[in-house]
Undergrad: 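Sharing a structure with you now.
Every number for a ligand or one of its atoms is a count from 1 in the order of the listing. Just so it is clear, the values below take in all heavy atoms, side chains as well, and ignore hydrogens, waters and symmetry mates.
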Amino acid sequence: MHWLFGDQLGPHFLTPGEGGPGRDTPLLMIEARSVFRRRRFHRAKAHLVLSAMRHRAAELGDRLTYVRADTYAEGLKRAAGGRAVSVHHPTSHAALRLVRSLPQVTVAPARGFLTPMADFTAWADGHGGTSLRQEDFYRRVRRDHDLLMDGDQPVGGRWNLDADNREPPPRKATVLDIGRPYRPRESEIDDEVRHDLDRWEKDGDVSFVGRDGPRLFPATRDEATAALRRFVTHRLTTFGAYEDAMLAADPHMSHSLLSAALNLGLLDPAECVERAEAAWRAGNAPLNSVEGFVRQIAGWREYVWQLYWYFGDDYRHSNVLRHTGALPDWWNDLDADALEARCLRTTLAQVRDTGWTHHIPRLMILGGYALQRGWDPAAVTDWFHRCFVDGYDWVMVPNVVGMSQYADGGRMTTKPYTSGGAYVNRMSDLCGPCAYRPGDRTGEYACPYTAGYWMFIDRHQKRLAGNHRTARAVHQLDRIADLPEALRQERARGDAPP
Ligand code: FAD
């Protein structure tokens, strides 16, 4: 038998290859209720994962045994007895420990990523294992996979067109003038999932957060390929320029919304980057957009996956800044209506309503707020994992512990990512009607991000002074006359919703 985890749903998990199933190997999927009991997940996420698993089971028909059990071990015993079972390398340390502890299970190499783990390990060890940089790895992936290459040089002469990709939103626009993202149509399977989730909640067995509105993300291979096609044909052109921009009325901007489908294994990253490259070669999308999108998938996604395994399971406990603050209830409950700070209110409402925001609200609005206030990075990671439709252990741990909370002291990024209100003001239309003013550090209208930024710099000035990318901010501390008052005021806010 071959066991498919709920994030191994695409055809590339069934093609012949090392350790994979044969053409007629019976298949097994286990829906383990205990997974939902462990954490208070966003309901739209629970819905999406169950819907995708059940849709796949329906497609595979008699070849697949679908078991509903309390735990994976119990489901396996029921479906396979003592039979030998193969499985592709799962996506979390906990799941890998589990499958390795079961004597009847053999683990085949991971699928759904571009670079084999052994290649990354050799590359990272070759760099001393410490000063690893995404940009170096990305160039290697581009070469290895002949992506946007002209011989051994990058097409257009530059590896990275990021400098062209930091545009604020177009002036006076409230939404980007591009095609709307793909929307799936729900099926009877979605009705059944909703019914089950209602029942589980009513029985007091599980508890969710967030709203389970109409399903927004693909649950089947057909839906996922339609979403990819739609993105590349109608939305990719402006991806680069507005990659970092935010508009209150346009949560999606030019982003692909493909992360959930990729992480469920419905799409293979290779097909995503190849389609984008083909659009550029056909003259249908500019290079800055195509390179930017390719870098997100062949660079960042790949790098995050590899670091998760390379740094090991203890990496999740990193906390060099010794942040121990608890997440307030309004944050845990996604209570956006309790907030006045418009950027955070808008972002938290997006999370509550859809379980998704694009990367800048994740990094600069949500992650930045938590970092400035010194919240426990493990708790912040858990929150992101539970509340985002695309959140899985492998992708959340490096993105939150490393990238967003700088809890690893710079193993993943060269500096902490956090900013004052001026950045949000430059990159969005969120500040205009806000109750706070991005330029104010003190007083009634002091922006919580501006005051919070200086609170963070002040708190960690010793460490930040030693980093050439943050030393300037530390030097500025002495020149801010109202700093003591800004810090006093912001500390007094405590956990109150801003
Ligand atoms: P696009 O902007 O269209 O990018 C294309 C694809 O690139 C994404 O679909 C995704 O697969 C990939 N990608 C880009 N950046 C990353 C990255 N840093 N890590 C992994 N993949 C990346 N992404 C997740 O898939 N799951 C998460 O749980 C997740 N948590 C995040 C938490 C924080 C604090 C931050 C800063 C980023 C996180 N990301 C996560 C990365 C990124 O924000 C999302 O992949 C992206 O916003 C998803 O929307 P999209 O599909 O429209 O992406």
Undergrad: Determine whether any heavy atom of Phe293 lies closer than 4.0 Å to an atom of ligand 1.
TA: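 Contact check Phe293 vs ligand 1: positive.
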
Undergrad: Taking only heavy atoms of Asp390, which atoms of ligand 1 are found under 4.0 Å from at least one of them?
TA: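 Listed by number with element: 24 (C), 25 (O), 26 (N), 27 (C), 28 (O), 48 (C).
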
Undergrad: Angle between ring planes, Trp309 versus Trp305, binned at 30° and 60°: parallel, tilted or perpendicular?
TA: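 Judged by the thresholds at 30° and 60°, the geometry between Trp309 and Trp305 is perpendicular.
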
Undergrad: Name all residues meeting the ring pair (Phe, Tyr, Trp, His ring centres under 6.0 Å) criterion together with Phe41; count only those two or more places apart in sequence or in a different chain, and write none if there are none.
TA: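 Not a single residue meets the ring pair (Phe, Tyr, Trp, His ring centres under 6.0 Å) criterion with Phe41.
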
Undergrad: Between Leu366 and ligand 1, which residue portion shows a heavy-atom distance shorter than 4.0 Å: side chain, backbone, both, or neither?
TA: neither

Undergrad: Please determine if Arg386 and Asp382 form a salt bridge, counting it only when a charged side-chain N lies under 4.0 Å from a carboxylate O.
TA: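 Looking at Asp382 together with Arg386, the answer is yes, because their closest N to O distance falls below 4.0 Å.
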
Undergrad: Students should be able to answer this: which protein heavy-atom is nearest to atom 28 (O) of ligand 1, and at what distance?
TA: Met396 CE, 2.6 Å

Undergrad: Are Asp495 and Arg373 close enough for a salt bridge, meaning some N to O gap below 4.0 Å?
TA: no

Undergrad: Any chance you could lay out the side chain to side chain contact (heavy atoms under 4.5 Å, CB included) test for Val35 and Tyr72, step after step, and finish with the verdict?
TA: CA-CA 9 Å; Val35 172; Tyr72 287 126; 3.8 Å; yes

Undergrad: For atom 6 (C) of ligand 1, which protein heavy atom lies nearest, and how many Å away is it?
TA: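 Protein heavy atom with the smallest distance to atom 6 (C) of ligand 1: Ile297 CG1, 3.6 Å.
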
Undergrad: Can you name the atoms of ligand 1, numbered from 1 with element, that are less than 4.0 Å from a heavy atom of Ser404?
TA: 34 (C)

Undergrad: If the cut-off is 4.0 Å to any non-hydrogen atom of Leu257, which atoms of ligand 1 fall inside it?
TA: 50 (P), 51 (O), 52 (O)

Undergrad: For atom 23 (N) of ligand 1, grab the closest protein heavy atom and report residue, atom and distance to one decimal in Å.
TA: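 The closest heavy atom on the protein side is Val395 CG2, 3.7 Å.
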
Undergrad: Whether the side chain of Glu291 engages the backbone of Leu161 through a donor-acceptor N/O pair (distance < 3.5 Å, no angle test) should be reported.
TA: yes

Undergrad: Can you tell which of Tyr369, Trp383, Phe384, Phe456 makes a ring pair (Phe, Tyr, Trp, His ring centres under 6.0 Å) with Trp375?
TA: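 Single ring pair (Phe, Tyr, Trp, His ring centres under 6.0 Å) partner of Trp375 among Tyr369, Trp383, Phe384, Phe456: Tyr369.
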
Undergrad: Closest by any non-hydrogen atom to atom 46 (C) of ligand 1: pick that one out of His385, His255, Arg362.
TA: Arg362

Undergrad: Identify, by atom number and element, the atoms of ligand 1 in contact range of Phe239, meaning under 4.0 Å from any of its heavy atoms.
TA: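 Heavy-atom distances to Phe239 below 4.0 Å select 1 (P), 2 (O), 3 (O).
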
Undergrad: What's the shortest distance from atom 43 (O) of ligand 1 to any protein heavy atom, and which residue and atom give it?
TA: His359 CB, 3.2 Å

Undergrad: Which side-chain N or O atoms in residues 238-258 pair as donor and acceptor under 3.5 Å with protein atoms at least two apart or in another chain?
TA:
residue : atom : partner : partner atom : Å
Thr238  : OG1  : Ser254  : OG           : 2.8
Glu243  : OE2  : Gln296  : NE2          : 2.9
Asp244  : OD1  : His359  : NE2          : 3.2
Asp250  : OD1  : His252  : N            : 3.4
Asp250  : OD1  : Met253  : N            : 3.0
Asp250  : OD2  : Leu176  : N            : 2.8
Ser254  : OG   : Arg235  : O            : 2.6
Ser254  : OG   : Phe239  : N            : 3.2
His255  : NE2  : Glu243  : O            : 3.0
His255  : NE2  : His358  : ND1          : 3.4
Ser256  : OG   : Leu258  : N            : 3.3

Undergrad: Return the residue, atom name and 0.1 Å-rounded distance of the protein heavy atom closest to atom 14 (C) of ligand 1.
TA: Gln296 OE1, 3.0 Å

Undergrad: Using 4.0 Å as the upper bound for N to carboxylate O, is an ion pair formed by Asp162 and Arg166?
TA: yes

Undergrad: What atoms in ligand 1 come closer than 4.0 Å to a heavy atom of Leu258?
TA: 9 (O), 51 (O)

Undergrad: Can you tell whether the side chains of Asp313 and Arg316 come within less than 4.0 Å, N to carboxylate O?
TA: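 Salt bridge present between Asp313 and Arg316.
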
Undergrad: Closest non-hydrogen protein atom to atom 25 (O) of ligand 1, residue and atom name please, with distance?
TA: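 Nearest protein contact, heavy atoms only, for atom 25 (O) of ligand 1 is Asn263 ND2, 2.8 Å.
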
Undergrad: Which of the numbered atoms in ligand 1 are under 4.0 angstrom from any heavy atom belonging to His358?
TA: 47 (O)

Undergrad: Please list, in number order, the atoms of ligand 1 under 4.0 Å from a heavy atom of Gly391.
TA: 28 (O)

Undergrad: How far is atom 10 (C) of ligand 1 from the closest protein heavy atom, and which atom is that?
TA: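 That would be Ser259 CB, 4.1 Å.
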
Undergrad: Give the minimum heavy-atom separation between Val351 and Phe388, together with the two atoms involved.
TA: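 The pair with the smallest heavy-atom distance is CG2-CZ, 3.8 Å.
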
Undergrad: Using a 4.0 Å heavy-atom cut-off, say whether Trp305 meets ligand 1 through its side chain, its backbone, both or neither.
TA: neither

Undergrad: Angle between ring planes, Trp300 versus Tyr303, binned at 30° and 60°: parallel, tilted or perpendicular?
TA: perpendicular

Undergrad: Considering only the protein, which heavy-atom contact is closest to atom 3 (O) of ligand 1, and what is its distance?
TA: Ser256 OG, 2.7 Å

Undergrad: Under 3.5 Å, N or O to N or O, is Trp356 touching ligand 1 that way?
TA: yes

Undergrad: Salt bridge check, Glu223 against Arg215: does any charged N sit closer than 4.0 Å to a carboxylate O?
TA: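 Result for this pair is yes, salt bridge flagged.
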
Undergrad: Using a 4.0 Å cut-off to any heavy atom of Val304, which atoms of ligand 1 qualify?
TA: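 Heavy-atom distances to Val304 below 4.0 Å select 19 (N).
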
Undergrad: Below 3.5 angstrom, do we get any N/O pair linking Asn399 and ligand 1?
TA: yes

